[in-house]
Protein chains: 2
Amino acid sequence: MSEQTQQNKELLKNVGLKITEPRLTILALMQDNRDVLQHFSAEDIYKLLLEQQSEVGLATVYRVLNQFEEVGILTRHLFDSNKAVFELNYNHQHDHIICKDCGKVFEFKDAEIERRQKEISQKHGIELEKHSLYLYGTCSDLSSCDNKEK
Amino acid sequence: MSEQTQQNKELLKNVGLKITEPRLTILALMQDNRDVLQHFSAEDIYKLLLEQQSEVGLATVYRVLNQFEEVGILTRHLFDSNKAVFELNYNHQHDHIICKDCGKVFEFKDAEIERRQKEISQKHGIELEKHSLYLYGTCSDLSSCDNKEK
DNA sequence: GTGGCTGCAAAACATTTGCACCTGT
DNA sequence: ACAGGTGCAAATGTTTTGCAGCCAC
C-alpha cells in the first residue's frame, strides 16, 4: 500500500470517519489530479471515478464531499455558477481570481485585506468567522488566455 | 400615476425593456419594501405578489429578475445558501457582512480593500471586472442578535 | 401586425433522502 | 453484531424552457 494511502487512512481516522473504499478513492483522486484541476464539482469527481472503473454512486460522492467539508478536509466554493466546487485544504486558506473568459483560477492571500475585513466586521459588531472573496476579470494578455471561444 | 411609476417606466425604456405590468409591479414591490427587506429571493417576490393579488407567474418573476440583472437594475448574490437573492442597485456597489445566527446583513464599502483587489489582480495579469466579497460571522452583542433559534 | 412578453405546465439541474443491503470495527 | 456506509431510485428545491395566446409599440 502506498504511503499516500497510509496517510489518508490516518487522516480519516483522525477526523472520525470510517476508512472505506469510496472515501479513500475520492481522496486519492483529488490529490492525484490537483495539478490539472484544483476545483472539482461533484459531477467532475463522479466522472473521473467512472473513468477509472470505480463503482461509486453519485449520491455517495455528494455524501462524502459534504462530510469532508464538515471535518475540514476540503472547502466548498460557490463561484458564479449554480453548482458547488470543492477544493482540498492544504495548509493555508486563500482567495481566488477567476478569468471569466478561460476559467483560469489564481489563488492569493493578502494580509492587508484580511486585516481590513476584521476591522470592518468589528465596527459593525460582528465577530468575523469566515469570508468569501472572489475577483472576476479577464486575462490582460490575450495570448495567454485559453479562451474557451463560446 | 405616481412619480415613482413614471420614473420606472423611463428606467425600463432606457434599458431597452418593454414597459409591462409585471415588470412595473416587481420594480415597485422591491422599491416599496426596501426598508424591510434588502435581499429578495425569487420566491420572496412571488409570495409578495400573490399577497397583493398580482397575477404574475413564478416563471415571469425569474425571467424579469434575470433581465433586470443583465441590464444592471439589480445584483444577484449567492450568499451561502442554495438560492440566489437579488438586490436593487442604487447608486453604489457594496459588500456584505452576514450574521450566521440571525441572518442580519450589513453593507459596507472599503476603498483600501478595493485598491488591494485591483493591485492583486494586476499582479496576476487579470483585468479586474467585478468582485464578490462576503464576511460571515456572529453578532458580538448577543442581545442585539435576533437569533432565529434553530 | 408582429416580436417581445406572459402564464402554465413540463423539463432540467444540482443535490438530498429513503430504503434494503453491505462492511468496517 | 451492529452502527455506519453505500448504491439505487425516487424525491426535493430552484431555476429554465416550450408553447400557445396576449400586449406593447
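Letters A, B, ... mirror the listed sequences (proteins, then strands); counts begin at 1.
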Asker: Should the heavy atoms of other residues, nucleotides or ligands under 6.0 Å from CD of B:Gln6 be counted, would the total exceed 12?
Answerer: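 Enclosed.
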Asker: Is A:Asp80 salt-bridged to B:Lys130, going by a charged N under 4.0 Å from an acidic O?
Answerer: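 So A:Asp80 pairs with B:Lys130 through a salt bridge.
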Asker: Whole angstrom is fine here: how far is it from CD1 in B:Ile26 over to P in C:dC5?
Answerer: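 Answer to the nearest Å: 13 Å.
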Asker: Which is more 5' along DNA chain D, the nucleotide nearest B:Thr20 or the one nearest A:Arg23? Just name the residue.
Answerer: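 It is A:Arg23 whose nearest nucleotide is closer to the 5' end.
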Asker: Reckon B:Arg63 has a side-chain N or O less than 4.0 Å from the OP1 or OP2 of C:dT6?
Answerer: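 No, B:Arg63 has no side-chain N/O under 4.0 Å of OP1/OP2 on C:dT6.
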Asker: Can you find a pair of side-chain heavy atoms, one from A:Ile113 and one from A:Leu133, that are under 4.5 Å apart?
Answerer: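 A:Ile113 vs A:Leu133: side chains touch.
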Asker: Under 4.0 angstrom, heavy atoms only, what part of the nucleic acid is A:Glu55 near: base, sugar-phosphate, or nothing?
Answerer: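 Answer is sugar-phosphate: A:Glu55 comes under 4.0 Å of backbone atoms only.
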Asker: Answer with yes or no after comparing the ring centroid distance for A:His96 and A:Phe108 against a 6.0 Å cut-off, counting only values under it.
Answerer: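 No.
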Asker: Hey, does the side chain of A:Tyr62 come within less than 4.0 Å of C:dT16's phosphate (OP1/OP2), counting only N and O?
Answerer: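 Looking at the OP1 and OP2 atoms of C:dT16, neither is under 4.0 Å from any side-chain N or O of A:Tyr62.
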Asker: A:Lys9 has an atom NZ; how far is it from atom P of C:dT23, in whole Å?
Answerer: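 Checked: the NZ to P distance equals 16 Å.
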Asker: How about CD on A:Glu55, more than 12 heavy atoms from neighbouring residues, nucleotides or ligands closer than 6.0 Å, or not?
Answerer: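 No.
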Asker: Nearest whole angstrom, please: distance from the C1' of C:dA14 to the CZ of A:Phe86.
Answerer: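 Computing the A:Phe86:CZ to C:dA14:C1' distance gives 11 Å.
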Asker: Does A:Arg34 count as lying over the ring of A:Tyr90, i.e. NZ or CZ under 6.0 Å from the six-ring centre, within 45 degrees of the axis?
Answerer: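 Verdict for A:Tyr90: a cation-pi partner in A:Arg34.
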Asker: Does any N or O in the side chain of A:Ser54 come within less than 3.5 Å of the main-chain N or O of A:Leu50, such that one atom is a donor and the other an acceptor?
Answerer: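 No; judged by distance alone, with no hydrogens or angles, the pair does not exist.
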Asker: Between B:Arg115 and B:Glu119, does at least one N-O distance fall below 4.0 Å, as a salt bridge requires?
Answerer: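 Looking at B:Glu119 together with B:Arg115, the answer is yes, because their closest N to O distance falls below 4.0 Å.
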Asker: Going 5' to 3' along DNA chain D, between which two nucleotides do contacts with chain A fall, using a heavy-atom cut-off of 4.0 Å?
Answerer: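 In short, chain A contacts DNA chain D from D:dA3 to D:dA9.
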Asker: Rounding to 10°, can you tell me the angle the first-five-pair axis of the helix from C:dG1-D:dC25 to C:dT25-D:dA1 makes with its last-five-pair axis?
Answerer: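 Comparing the axis at each end, I get an angle of 30°.
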Asker: Does A:Glu43 reach a base, just sugar-phosphate, or nothing at all? Heavy atoms under 4.0 Å.
Answerer: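 Counting heavy atoms under 4.0 Å across all strands, no contact is made by A:Glu43.
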Asker: Reading DNA chain C from 5' onward, which residue's closest nucleotide shows up sooner: A:Val85 or B:Gln67?
Answerer: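 First, find each residue's nearest nucleotide; the 5'-ward one identifies B:Gln67.
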Asker: Under 4.5 Å between any side-chain heavy atoms of B:His77 and B:Phe86, yes or no?
Answerer: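 B:His77 vs B:Phe86: side chains apart.
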Asker: Has B:Lys18 got a side-chain N or O lying under 4.0 Å from the OP1 or OP2 atom of C:dG4?
Answerer: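 Checking B:Lys18 against C:dG4: no side-chain N or O falls below 4.0 Å of OP1 or OP2.
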Asker: Give the rounded distance in Å between these two atoms: CD of B:Glu70 and C1' of C:dG4.
Answerer: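 For the pair B:Glu70 CD and C:dG4 C1', the rounded distance is 14 Å.
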Asker: Taking only N and O in the side chain of B:Asn82, is any of them less than 4.0 Å away from OP1 or OP2 of C:dT15?
Answerer: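 No.
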Asker: Just the rounded figure in Å: distance from P of C:dG3 to CG of B:Leu17.
Answerer: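 Distance, rounded to whole Å: 18 Å.
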Asker: Considering only NZ, NE, NH1 and NH2 on the basic side and carboxylate oxygens on the acidic side, decide whether B:Lys109 and B:Glu114 come within less than 4.0 Å.
Answerer: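 Counted as a salt bridge, because a side-chain N and a carboxylate O are separated by less than 4.0 Å.
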Asker: Which whole-number value in Å describes the distance from B:Tyr46 OH to C:dG7 P?
Answerer: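 So the OH-P distance, B:Tyr46 to C:dG7, works out to 9 Å.
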Asker: In whole angstrom, give the distance that lies between atom CG of A:Leu58 and atom C1' of C:dT16.
Answerer: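 Rounded to the whole Å, the gap is 11 Å.
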